[in-house]
Every structure is written in structure tokens, then in C-alpha cells.
Number of protein chains: 2
Amino acid sequence: MARPRSPKLSAPAIADAALCLVDKHGEFTIPQLAKAMGVSPSSLYNHVVSKDDIVEMMRGAAMGEIELPEPGGDWVDTLRQIAKGYMRSYAKHPKLIPLFTAHTVRDEGTLRVYDLLARAFAAGGFGAADSLAAITVLDSFVLGSALDAAAPSQVWESAEENSAALNAALEAGLAVQDRAWTTFEYGLELLLAGFQLQGNSTQQEEPSRTA
Amino acid sequence: MARPRSPKLSAPAIADAALCLVDKHGEFTIPQLAKAMGVSPSSLYNHVVSKDDIVEMMRGAAMGEIELPEPGGDWVDTLRQIAKGYMRSYAKHPKLIPLFTAHTVRDEGTLRVYDLLARAFAAGGFGAADSLAAITVLDSFVLGSALDAAAPSQVWESAEENSAALNAALEAGLAVQDRAWTTFEYGLELLLAGFQLQGNSTQQEEPSRTA
DNA sequence: ACCTGAACACCGTTCAAGT
DNA sequence: ACCTGAACACCGTTCAAGT
């Protein structure tokens, strides 16, 4: 049983299986992955160059799922939609996030997102340097929020000063995800309001789309 | 040469040596660490329960260095100082941050910070639920910014649309750190302005210190 | 109490060998 | 072209043994 007539493996299939393991256990191992795919560990290396390579493919898969807004609406609204889509796709695989906080990489999907953000800020009247800073701020906030959602830095559960309603919500298990999302939206609106203010004060010429 | 008259190791010394390795290489290994300390790998386990334990101690050491503001000033200014101190202590060991994005832990130092933040928001007129959200937002932003500073998600270096001055700054190597810090301050001010607005609208009773 | 050396189960990766 | 099994260098951790 050496070479099957049709390949048992492929790069995307490997990434999928790895993503599945990470969603379940928060990490993955080459032997684990091979076992899950019914294959020997060394076989994987016919389709993939290294474990890091697999992590990168998972990032690409996650980022590729982002729902991006149609261009042409209000620029602040565009920012809001991108940020939410970004966050949502992170939220689908929370365990994955810590895995790629180490590398600096940008795959095609990530580039697409940055490009749309840059366009939106340009439409809002931001100069190059300003929109660079603004994009970084937005990106940092989304990433930080996603990490917090994955592994909340606090156990608020037992806080006695909380309102009864909140404590009730906290004790229901599902609240964790919801609360993270609500908090994310709250912070996002703070940032967007700031961007709005700054944009409006500079935005005289250039009515709508700037490529 | 079995037991020396005075111990060659101690928990804090191990954490320090590990922190030094991480600052240099971005990771550390038990054999590496043992070698750096002139000791056999198994010796470490007389002072430390696991590798994760060492990571936790490093977190504590990093958080312990935070310079916290005197209580009593303007609450927004207090928030600003805490956030900056927080960020500054992260910035001292950028390679360390990815290491503890996996665990959820809170050591004494982290608790101290949260407590001060809670007091500041209370002084600003925030209710319990609101300040919970606000603290999370601030925390997420600082963490995301620190991660971005450690491993910028973009290589802006070659952007032709940048101003000449910016590109010049970028090409000088030191700019990376400075730019990350400037961007952090920019985003922080956006958030603080939002908090300020929200706080002022609710802050009638309760003149100064609460708790 | 504290360090050593040998040992264990595991990991990521390579490579000759098979078809 | 694609899978296997054996092999390599490494890892984190345990534990009996020494003093």
C-alpha cells in the first residue's frame, strides 16, 4: 500500500483537518494530524513544507472567509463593516489566534482587507500617514479583542458589584461570547467616532471614491 | 559535585534567565535555559513546576515593572498613565507577548492594574457594567498594539504614497519602535476622548474618589 | 535540600524504499 | 507522484542516586 491511485492528501485538506484539530483542542501536532487523516506523519511533507506552513494556510483559510462590504457606501460605515467581518472571522476560530501571533505574515486575504481599509480612509479625507496609523489602530484593536474573546484576561464571573442582570447573564454560559462581541462593538464605535471627527475636519475636496 | 553549599538556582533567577533568552531569540527551551545557567536541565525542576510555570513567572516579572500613577489626579489622565505604563512594560519585552497569549491567567500585578482602572472609571462616573466593558476595550487595544509592535502585521516600508519624510523615517531602522508607539498614543487618545465624553454625561453626583 | 545522569514518551523532519 | 517505515536530533519531564 504505497501510492494510491487517487491522492489521499492535498494542501487544503491538510489545512482543513488542522483547523478542525485546533478548534477542538487549541493546538495540533503532526502525528495527531496524520492520524486524523489516516495517514503516516511523513506523508504530509509531500504536500506541505513545514508545520509553520500549515499554520499559514490556516490563517489564509480563516481570512478568506471574511465578508467584505460593497464599495461605495459611507466610508465610516465601510470601516465598521470591515472591522466586524474581520472580527467575526476571527471569532469563528478563537483557538487559532494565539497560533499566529508569533509570525509576521500577510497573505492575499489580509492584503485585500488592508487595501479596502486604505480606500475607506482615503474617502474620509485621511492622508497617507494618517490612514496608516488609523489602520494600525483598528487592526490592533480587532486583534486584541479577538484574543480577549479567545482567552478573557479576567474572570469577572464572581464580581459582586455587578448588576444582578449582568451577573445573571454571566452565569448563563453563552454570555461569554456575547459579552466579548458587545464589548468589541462598544470599542469599535469609540474609534469610529474619533475617525469620523478627524475625517470630517479634513474632508473638503475629493467628494467620494479615491482609488 | 552534587549539592553546592549555596543553591545555584532560584525561581526568580530562572525567570530572569528565561526572559533574557526570550528577549534575544523570541523563545526558550529547557536545555537552552539550563545551559545558560550552567546547570543540568533536570535541576530546574527543583525550583519550578513546569515550563508554563516559567512563562507565568515571566509575565509576573514584566507586569511588576509597570509604573503606576499616584491616585487622585484627573480620572482620564489616570487612565492615560496606566495605559502607557502598561504598554511601556510590554514594549520592553516584545518577544514575550506571543508567549502568553495562549493562557488565561492573572497574576497579582495584573490585578493591581485592573483595580486601578476600575477606580478611575468609577471616578469618571461609569457604572459597573460600563467600566467592565471599558476596561476590556482598553486592555484589548493595549495588547493588540503591543503585539503589532512586536510583529507588525504590515510591511509599509515600501509604500510609495507615503510622504518623503515618513519614508525617510521608515528607512532608518529605529523608526519601527517609534512609529508603533506614536500609533499607540493616537489610538489611545481616540479611546480616551470617547470615555471622557461618556463619563461627563453621566458624572453628576460622586465628586472624586469612589471605593 | 539541591544537583546529576539516565531514562521515557514525545515531537518535527528527512530520506531511502516501495509502487 | 505519493505513501511508508526507519531514523535523527530534539524536546519536556521524572526519578533514583549522590552529597
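In what follows, every chain begins at residue 1, and chains take the letters A, B, ... in the order their sequences are listed.
Between the side chain of S42(B) and the base of dG5(C) there is at least one donor-acceptor pair of N/O atoms closer than 3.5 Å.
One interatomic measurement links the two molecules: CE of M37(A) to C1' of dC3(D), which rounds to 13 Å at whole-angstrom precision. Taking atom CD1 of residue I54(B) and atom C1' of nucleotide dC11(D), one finds them 13 Å apart after rounding to whole Å. Between the CG atom of D52(A) and the C1' atom of dG12(C) there is a distance of 11 Å, given to the nearest Å. Per the geometry, CD1 belonging to I30(B) stands 16 Å off C1' belonging to dA9(C), to the nearest Å. Whole-Å rounding puts the K51(B) NZ to dC10(D) P distance at 15 Å. If you measure from atom CG of L44(B) to atom C1' of dA1(C), you get 16 Å, rounded to the nearest angstrom. Regarding L9(B), its CG atom lies at a distance of 12 Å from the C1' atom of dT4(C), rounded to whole Å. The interatomic distance linking D53(A) (CG) with dT14(C) (P) rounds to 12 Å, in whole Å.
With a cut-off of 3.5 Å on both Watson-Crick or G-U wobble distances, the partner of dC8(C) is given as dG12(D). Across all strands shown, dC2(D) pairs with dG18(C); the Watson-Crick or G-U wobble distances both stay below 3.5 Å.
With salt bridges taken as basic N to acidic carboxylate O contacts below 4.0 Å, one links K84(B) and E185(B). Look at R80(B) and E189(B) and you find a salt bridge, because one of the NZ, NE, NH1 or NH2 atoms lies within 4.0 Å of a carboxylate O, short of that distance. Look at E27(B) and K95(B) and you find no salt bridge, because none of the NZ, NE, NH1 or NH2 atoms lies under 4.0 Å from a carboxylate O.
Heavy-atom nearest nucleotides on DNA chain C were determined for V39(B) and for V49(A), and the one closer to the 5' end corresponds to V39(B). Toward the 5' end of DNA chain D, the nearer of the two residues N46(A) and Y45(B), judged by each one's closest nucleotide, is N46(A).
Looking only at side-chain heavy atoms (C-beta outward), E65(A) and H93(A) come within less than 4.5 Å of each other.
Relative to the side chain of S40(B), the nucleotides dG12(C), dT4(C), dC15(C) differ in distance, and dT4(C) lies closest.
Residue T29(A) places at least one side-chain N or O closer than 4.0 Å to OP1 or OP2 of dC11(C). A close approach under 4.0 Å does occur between a side-chain nitrogen or oxygen of H47(B) and OP1 or OP2 of dC3(C). Side-chain N/O atoms of S43(B) include one lying less than 4.0 angstrom from OP1 or OP2 on dT4(C).
Using modelled atom types and a 3.5 Å distance limit, the side chains of Y186(A) and Q198(B) yield a donor-acceptor pair.
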